[in-house]
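Notes follow the structure.
Computed from a prediction, not measured in an experiment: that's the story for all the values here.
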Amino acid sequence: MNTGAVIVAAGSGKRMGGERNKLWLPLAGKPIFCHTIELFVSHPMIAETVLVVSGADRADIAELIERHGYRNIKLVAGGAERQESVQNGLAALSASCEYVLVHDAARPFLTAAQLTAVVERVQQDQATILAVPVKDTIKIVGDDGYVESTPARESLWAVQTPQAFRLALLQDAHRQASDAGKTGTDDAMLVEWMGHRVSVMMGSYENIKITTPDDLWLGEEILRKRLGSD
């Protein structure tokens with residue numbers, strides 16, 4: 001019970017086309033992030049959960065957490081960018097926490113078995129991520145709109161969350177990146193930048209991040225399949 005989780009939920013609804021945080025949109029009758037929270041707070045290997053939220057959502061999320069009886073959750077204010085939000089979440093974890101999983105609240109389809117596997121793997125490798133092989137051919141395109149190169153598809157993986165790390169390692173990576181003005185598109189990038197190897201575990205093509213209206217439709221289909229309904 002020395003593993004904590006930081007769930008980032010401080011985004012906006014811009015790409016979803018809404019005025020409010022997309023995480024409030026209903027999925028199978030409840031807000032998207034509720035599905036994510038419920039997995040982490042009910043999992044026996046997660047001792048504490050930090051939910052990073054925007055100031056605009058904090059009061060409403062606090063009320064929802066109390067109403068649903070979610071336990072061992074701490075609310076923390078997000079930053080201007082995701083990297084700062086994660087830093088705030090890491091700082092809120094207790095001193096007894098040795099490992100941390102960083103997860104997007106907009107990925108509600110992670111399974112308990114996948115979470116267990118990640119927790120077990122990080123204790124071995126100190127840094128591990130979920131990812132899936134890309135299905136499409138990827139082109140590197142220049143600013144002029146022309147193809148510059150085509151990397152070998154066999155070596156390309158689409159990264160997911162959770163990403164898991166020894167807490168001290170990730171805190172050090174964020175600290176050094178902040179001092180150097182380094183920005184990463186995910187937490188693993190900062191750890192890689194420090195020269196630490198990051199292992200990759202096979203994720204699931206169902207572990208999607210809900211970003212657009214099409215993703216919400218697909219999410220409903222994923223849940224329908226899991227429930228075995230037509």
Side-chain angles (χ1 to χ4, degrees), residues 6-25 27 32-33 36 52-54 56-57 78-89 102-110 114 127-165 170 173-174 176-222:
V6 171
I7 300 176
V8 185
S12 66
K14 292 181 180 178
R15 281 183 286 181
M16 187 63 77
E19 296 181 357
R20 195 179 190 191
N21 190 332
K22 65 189 175 186
L23 297 175
W24 286 102
L25 292 173
L27 179 66
I32 292 169
F33 66 90
T36 307
V52 186
V53 301
S54 68
D57 288 327
E81 302 293 339
R82 186 184 188 279
Q83 191 163 314
E84 184 180 349
S85 293
V86 173
Q87 283 182 292
N88 293 350
V102 180
H103 189 62
D104 297 321
R107 289 189 189 271
F109 304 113
L110 182 72
Q114 290 166 345
T128 191
I129 61 175
L130 287 180
V132 291
V134 299
K135 298 179 179 180
D136 300 319
T137 296
I138 304 297
K139 301 287 186 181
I140 306 298
V141 181
D143 294 337
D144 59 0
Y146 287 83
V147 173
E148 293 184 346
S149 63
T150 305
R153 185 172 61 186
E154 293 76 14
S155 65
L156 299 176
W157 290 61
V159 177
Q160 304 176 340
T161 65
Q163 299 189 350
F165 310 89
L170 185 56
H174 273 273
Q176 290 193 36
S178 180
D179 291 343
K182 170 73 175 179
T183 300
T185 53
D186 68 352
D187 296 284
M189 185 175 176
L190 301 182
V191 173
E192 295 160 27
W193 170 71
M194 284 204 333
H196 198 287
R197 299 183 73 192
V198 177
S199 66
V200 178
M201 299 181 61
M202 177 62 76
S204 166
Y205 290 103
E206 290 187 352
N207 186 20
I208 64 170
K209 184 177 182 181
I210 296 181
T211 304
T212 68
D214 286 343
D215 297 330
L216 195 59
W217 173 85
L218 179 57
E220 294 282 359
E221 291 301 310
I222 290 171

Whether [X] side chain and [Y] backbone form a donor-acceptor pair below 3.5 Å:
| X | Y | result |
| --- | --- | --- |
| Gln83 | Gly184 | yes |
| Lys22 | Ile210 | yes |
| Ser85 | Gly79 | yes |
| Asp104 | Ala106 | no |
| Thr128 | Ser199 | yes |
| Gln160 | Ser204 | yes |
| Gln114 | Leu110 | no |

Report the C-alpha distance between Asp187 and His174 in whole Å, list the side-chain angles of each, state the deciding distance to 0.1 Å, and finish with yes or no for side-chain contact (heavy atoms from CB on, under 4.5 Å).
CA-CA 8 Å; Asp187 296 284; His174 273 273; 2.7 Å; yes

Between [atom1] of [X] and [atom2] of [Y], what distance do you get to the nearest 0.5 Å?
| X | Y | atom1 | atom2 | value |
| --- | --- | --- | --- | --- |
| Met201 | Trp157 | CE | CH2 | 10.5 Å |
| Leu156 | Lys135 | CG | NZ | 15.0 Å |
| Leu218 | Phe109 | CG | CZ | 7.0 Å |
| His103 | Thr161 | NE2 | OG1 | 4.0 Å |
| Asp136 | Ile138 | CG | CD1 | 6.0 Å |
| Phe33 | Leu25 | CZ | CG | 11.0 Å |

Would you indicate whether the side-chain heavy atoms of [Y] and [X] approach each other to under 4.5 Å?
| X | Y | value |
| --- | --- | --- |
| Pro133 | Met202 | yes |
| Val191 | Leu170 | yes |
| Asp57 | Leu23 | no |

For the residue pair [X] and [Y], what are the closest heavy atoms and their distance?
| X | Y | result |
| --- | --- | --- |
| Ile129 | Ala188 | CG2-CB, 3.8 Å |
| Lys209 | Arg107 | N-NH1, 3.5 Å |
| Ser149 | Pro151 | O-CD, 3.9 Å |
| Ala173 | Trp193 | O-CZ3, 4.4 Å |
| Val52 | Gly89 | CG2-CA, 3.9 Å |
| Pro108 | Leu27 | CG-CD2, 3.9 Å |

Does a donor on one side chain and an acceptor on the other come within less than 3.5 Å for Gln163 and Asp186?
yes

Can a side-chain donor-acceptor contact be found between Thr212 and Asp215 if the only test is distance below 3.5 angstrom?
yes

Take atom CD in Glu81; do more than 12 heavy atoms of anything else shown fall under 6.0 Å from it?
no

Kindly check if the number of other-residue, nucleotide or ligand heavy atoms within 6.0 Å of CG (Asp143) is above 12?
no

